[in-house]
Every structure is written in structure tokens, then in C-alpha cells.
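The structure under discussion appears below in the form of C-alpha cells.
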Protein chains: 2
Amino acid sequence: MVKKTRSPQRREDSLSRDRIVDASIELLDSAGEGGLTFRALSERLATGPGAIYWHVANKGDLLVAACDAVIAGVMAEVAAAPLDANADARAGAQSPEDTIRALALGMFDAMDAHPWIGSALFQSAGALPTVRLFECIGQQVRALGAPAAGQWSATSALLHYILGVGGQNAANRLSAQTRALDREDFLGEVADTWSALDERDYPFTRSVANQLRDHDDRGDFLAGIDLILGGIQRSTETKARKR
Amino acid sequence: MVKKTRSPQRREDSLSRDRIVDASIELLDSAGEGGLTFRALSERLATGPGAIYWHVANKGDLLVAACDAVIAGVMAEVAAAPLDANADARAGAQSPEDTIRALALGMFDAMDAHPWIGSALFQSAGALPTVRLFECIGQQVRALGAPAAGQWSATSALLHYILGVGGQNAANRLSAQTRALDREDFLGEVADTWSALDERDYPFTRSVANQLRDHDDRGDFLAGIDLILGGIQRSTETKARKR
DNA sequence: ACCTGAACACCGTTCAAGT
DNA sequence: ACCTGAACACCGTTCAAGT
């Protein structure tokens with residue numbers, strides 16, 4: 001209907017796994033996690049719900065595939081582009097730390113743009129999307145010169161931290177969206193709730209309520225990455241000193 | 001209006017929020033995440049599905065309440081008991097680091113015993129269960145003597161890491177359970193998959209495949225906590241040196 | 001090989017009606 | 001105030017039947 005002829009070996013509107021995945025991503029982006037439905041999807045693709053099952057095993061499979069398409073894009077971007085244009089112009093290679101930061105920020109931004117990824121990654125466990133991330137982080141950890149014994153835990157820690165932040169941010173997004181609030185109003189409400197907590201039971205949470213109100217998600221995320229990177233470096237130094 | 005008299009002023013089998021939450025936890029533990037259904041729940045409680053809505057707003061509310069009941073239990077345990085009996089017998093107070101480790105392990109074990117918590121915590125975003133955890137960690141981070149500016153990010157990092165591991169573990173559990181595999185077989189299969197990856201694209205993942213096969217979840221989890229704690233200490237030292 | 005669409009077995013949630 | 005249970009509007013998935 002819309003697009004011109006490409007490779008007319010097939011009907012332009014014939015189904016394919018890729019087309020289904022693309023439509024799923026659009027649906028998830030526009031309608032949220034609950035928006036991905038075999039009925040909505042088949043309507044968008046102008047078929048019956050059953051047709052989709054010819055190309056996709058089930059809903060879980062579809063979600064993982066959609067997730068993987070996004071993650072693969074992020075990994076490719078990170079591999080191609082350096083942290084920012086300035087750093088690129090200045091010299092050649094960037095440090096492994098910088099690459100890890102770029103990777104982490106890439107994931108942060110992707111999860112910000114597609115909040116549903118956060119929970120999708122928790123449903124895909126040891127599947128391809130997670131492995132991509134794991135590999136990408138692991139290569140940099142190795143380049144960091146961490147002792148072999150520590151590479152596994154360092155990589156796992158970074159991965160879990162990234163997934164944790166992503167999942168939590170996605171949850172916040174969802175919760176804000178459900179109550180039809182924008183980011184600022186949502187954070188304001190949570191901050192109000194925190195401020196109203198009992199002083200004796202929640203002294204810490206109360207004391208940081210105002211920091212929540214206008215904090216920088218992205219900056220805080222990066223601070224956590226730096227904390228872990230610092231811990232890795234520290235453990236490397238300790239190991240070296242013992243030798 | 002709620003808990004004036006504990007004595008049996010009501011029929012033994014009358015509904016209450018607590019009874020519903022307890023039954024939900026049992027259902028989730030025994031039948032998994034998908035096992036919590038208003039129909040299954042009402043059957044277990046010998047009522048109609050509609051009756052539950054008198055005490056609970058909706059399914060999300062119920063899941064958060066179930067999650068909170070478990071988390072509250074863990075926090076209470078950590079607050080009461082030290083890391084282990086030996087440490088207790090030896091001296092009085094344990095260090096903030098040890099308390100954080102105990103807290104983290106308590107969460108790990110709880111998420112191991114109730115895998116559904118992992119995903120429930122991602123649906124409860126800024127709600128009570130997360131705040132309990134946040135507060136508990138925050139108090140210890142403060143006790144650590146970290147500079148005020150860093151307390152927020154340190155606490156957030158620890159929280160997100162714990163939630164990330166928990167969510168990922170829960171996902172693995174679910175995936176193993178779906179395919180009717182025990183832990184060892186599941187890890188074996190994943191390790192096989194990793195070993196079969198393309199050497200050029202996944203060198204790191206391939207190289208650690210065997211570490212996966214018989215790794216220690218709990219130990220690795222703690223190693224990540226220690227990495228973050230190390231990073232916190234490192235940043236504290238740096239700040240102090242600059243002064 | 002690929003697609004159709006009715007049908008099945010569920011689900012969360014509501015609500016008039018009961019006590 | 002609390003509970004009942006039928007009913008509603010959905011859902012993922014299947015499958016005989018078509019091309």
C-alpha cells in the first residue's frame with residue numbers, strides 16, 4: 001500500500017520475521033509493554049493472528065527478538081563510535097574505561113527510548129541479547145588488565161548493575177505513564193511521599209528526598225559505573241601489591 | 001479500625017488483606033509467577049473472585065503487597081541478626097560493610113527462595129518494598145562515613161546491583177523451570193551454547209563458558225557487592241586526600 | 001509454503017444482587 | 001460492611017481449511 005517495490009520477488013506486504021519484529025518494536029514504543037498483542041500486531045500487519053505464528057514461536061520469542069534487535073543496534077553503535085566527537089578528534093583509541101562508559105550510556109539511552117527493554121531483558125535471561133551485552137563488557141574488562149580470576153565477577157557486576165538501573169527506570173516510566181504524569185511531576189510526587197515518611201523509620205530516605213526531586217538520572221547512572229570501575233581498579237592494585 | 005483486637009472477633013475463615021497476601025505468597029511460591037490468579041486465589045480462599053477486590057485494589061497492588069511482606073521480613077532479620085553467629089559471639093557491633101553484606105545476602109536468599117520477587121520489585125518501582133531496601137542500605141552507607149555528596153549514588157548503585165542480580169536470577173529460574181531443568185542442567189546447557197558461539201564474535205563469552213558451569217551464584221553476587229564497596233571506599237579516600 | 005479466521009481456554013475486573 | 005458469581009472484554013494459542 002505505502003512503500004514502493006524493492007525486490008519484487010515477494011509481495012511487498014508479505015510477512016517475514018523481520019517485518020513482524022519491526023512492527024512489534026513500533027507497537028511497544030508507542031503503546032507500551034501492554035501494547036504488544038497478537039491482535040493489534042496482526043491488524044497493523046493486515047493479517048490474522050494465526051499468521052504470525054508461522055514466523056514466530058510465541059510471544060516470549062517475539063519479545064526477545066524485538067529486544068535483541070535494539071540491543072544489537074546499540075552494540076554496533078558503541079563499537080563504531082567513540083564516546084563523543086571531541087575525544088575522537090583528539091587522539092586515536094579511547095581507554096577501556098571510556099568504552100565501558102560509552103557502552104553503559106548507550107544502554108541507558110536505549111532503555112530510556114524503549115522502556116519495555118528493561119523488563120524484556122529480564123525475560124530473556126541467558127538469551128542472545130544478554131550475551132551480546134556480556135561479551136561487549138567482558139572484552140573491555142579484559143582490556144582493562146584485570147586479573148583473569150576477577151574478570152568474570154567484574155563483568156557480571158557491570159552487567160547486573162546496568163540491567164538493574166534499566167529495569168528500575170523502566171518501572172518508573174511505566175508507573176508515571178499509568179498515572180499520566182510527566183517525569184518531573186512523578187519525581188515530585190515520589191519525593192513528597194519520601195518527605196512524609198516517618199522520621200524514625202526512614203531517616204536516610206527522608207534526608208535525600210530533595211536530591212531525588214531534581215537529580216540527573218544519567219549522571220547518577222554513570223556515577224554507579226564509575227564506582228564499580230573504581231572497585232575493579234582497586235582490586236587490581238591490591239592483587240598487584242601482594243605479588 | 002484495623003487491628004484493634006487480635007482475638008477472634010471474626011469468623012476464622014473471614015477474608016482480610018493479610019490472609020489474601022499470605023495465600024498469594026503461597027501461590028506464587030508453589031506455582032510460579034503465572035500461578036497468581038484471582039480465580040486460583042479465590043478457590044484457595046473459598047470465595048468468589050470479586051470478594052478479593054474488597055480488600056485489594058487490583059493485581060498489581062496485590063503483587064506489591066506480597067513482595068513487601070517478604071522484603072519487610074528480610075529487613076527485620078538483617079536488623080536483628082548479625083552476619084553469622086561467630087561474628088556475633090566475638091564482639092559487639094559489626095562494621096557497616098558487614099551489615100551491607102548481610103543485607104545483600106539476605107536479599108539474595110529471599111529472591112532465591114521466592115523467585116517471583118525479582119520481577120515484582122520491578123513492578124513496584126518507587127513503592128514501599130524498594131524504599132525499605134533503599135533506607136536500609138542508605139543507613140549503612142552513611143555509617144560508612146562516605147561524603148554526603150556520594151551517599152546517594154553509592155546507595156543507588158548498591159540497590160540497583162542487588163535488584164539486577166535478583167531479577168536476572170529469577171529469570172534464569174523461570175527459564176529453567178519452563179524447560180523442566182534443574183539448576184545444574186540449565187547451567188550446563190547455557191554453557192554449551194556459549195561454547196558453541198563464534199570465536200570471532202564472542203571470544204570473551206566463550207572463554208568463560210566453563211566458569212559458568214560450576215560457578216557459585218552467591219559468591220559471585222558477594223564479589224560484586226565487594227567491588228562496589230571497594231569503589232565507595234576508594235572514592236572516599238580520594239576525596240579525603242584532596243582536602 | 002504460507003495465510004485465514006473461527007474457536008478454545010483462559011485472564012483481570014465489574015457489578016447487581018444478596019447477607 | 002462484606003461477599004457472591006455471572007458477565008464482559010480481553011488475551012495467547014491452535015488448527016482445520018484455504019491458496
Side-chain angles (χ1 to χ4, degrees), chain A residues 1 7-24 27-28 30-67 116 119-120 123-124 174-175 178-179, chain B residues 1-5 8-24 27-28 30-67 116 119-120 123-124 174-175 177-179:
Chain A
M1 298 297 234
S7 282
Q9 70 179 33
R10 288 209 172 279
R11 294 192 356 251
E12 174 62 26
D13 63 338
S14 82
L15 240 40
S16 71
R17 196 171 215 267
D18 283 348
R19 277 196 68 218
I20 293 172
V21 169
D22 286 347
S24 299
L27 218 44
L28 286 161
S30 64
E33 286 189 58
L36 181 59
T37 281
F38 277 82
R39 272 160 247 257
L41 196 54
S42 60
E43 192 185 353
R44 200 187 193 90
L45 293 167
T47 32
I52 297 169
Y53 280 87
W54 186 262
H55 300 94
V56 147
N58 52 43
K59 194 176 179 179
D61 180 33
L62 183 54
L63 199 61
V64 173
C67 188
W116 50 272
S119 63
Q123 272 156 77
S124 60
L174 192 70
S175 161
T178 302
R179 295 194 284 149
Chain B
M1 163 157 171
V2 190
K3 291 187 178 177
K4 229 27 194 311
T5 52
Q9 67 179 28
R10 289 210 170 277
R11 288 184 8 241
E12 173 63 26
D13 62 339
S14 82
L15 240 41
S16 71
R17 198 170 213 268
D18 284 347
R19 276 197 70 216
I20 293 172
V21 169
D22 286 347
S24 299
L27 218 44
L28 286 161
S30 64
E33 287 190 58
L36 181 59
T37 281
F38 276 83
R39 271 161 249 257
L41 196 54
S42 60
E43 192 185 352
R44 201 186 192 89
L45 293 167
T47 31
I52 296 169
Y53 280 87
W54 186 262
H55 299 92
V56 147
N58 52 43
K59 194 177 178 176
D61 180 32
L62 183 55
L63 200 61
V64 172
C67 189
W116 50 272
S119 63
Q123 272 157 75
S124 61
L174 191 69
S175 162
Q177 178 187 310
T178 303
R179 295 193 285 147

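All values derive from a computational prediction rather than experimental measurement. A note on names: the letters A, B, ... follow the listed sequences, proteins ahead of strands, and every chain is numbered from 1.
With sequence neighbours excluded, the residues forming a side chain to side chain donor-acceptor pair (under 3.5 Å) with B/Arg44 are B/Glu26, listed by chain and number. Listed by chain and residue number, A/Glu33 satisfy the side chain to side chain donor-acceptor pair (under 3.5 Å) test with A/Ser119 (two or more places apart in sequence, or in another chain). For A/Asp61, the side-chain contact (heavy atoms from CB on, under 4.5 Å) test picks out A/Arg17, A/Val56, A/Ala57, A/Asn58, with sequence neighbours left out. In terms of the side-chain contact (heavy atoms from CB on, under 4.5 Å) criterion, residue partners of B/Thr47 (sequence neighbours excluded) are, by chain and number, B/Leu15, B/Ser42, B/Leu45, B/Ala51.
With hydrogens and angles ignored, the 3.5 Å screen pairs a side-chain donor or acceptor of A/Ser16 with a backbone N or O of A/Arg19.
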Can you give one letter per nucleotide of nucleotides 4-19 of chain D, going 5' to 3': B for a protein heavy atom under 4.0 Å from the base, S for sugar-phosphate only, - for none?
BB-----BBBBB----

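The distance from the NZ atom of B/Lys59 to the OH atom of B/Tyr53 is 9.0 Å, given to the nearest 0.5 Å. For the atom pair B/Leu27 CG and B/Leu36 CG, the distance stands at 6.0 Å (nearest 0.5 Å).
Put simply, B/His55 has a side-chain N or O that comes within less than 4.0 Å of OP1 or OP2 on D/dC3. Between A/Trp54 and C/dC3 there is no side-chain N or O to OP1 or OP2 distance below 4.0 Å.
Where pairing requires Watson-Crick or G-U contacts shorter than 3.5 Å, the helical stems of DNA chain D with at least three consecutive pairs are C:4-8 with D:12-16, C:12-16 with D:4-8.
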Evaluation steps, side chain to side chain contact (heavy atoms under 4.5 Å, CB included), between B/Leu41 and B/Ser24:
CA-CA 7 Å; B/Leu41 196 54; B/Ser24 299; 3.6 Å; yes

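Remark: the separation of the P atoms in C/dA17 and D/dC2 is 22 Å, to the nearest Å.
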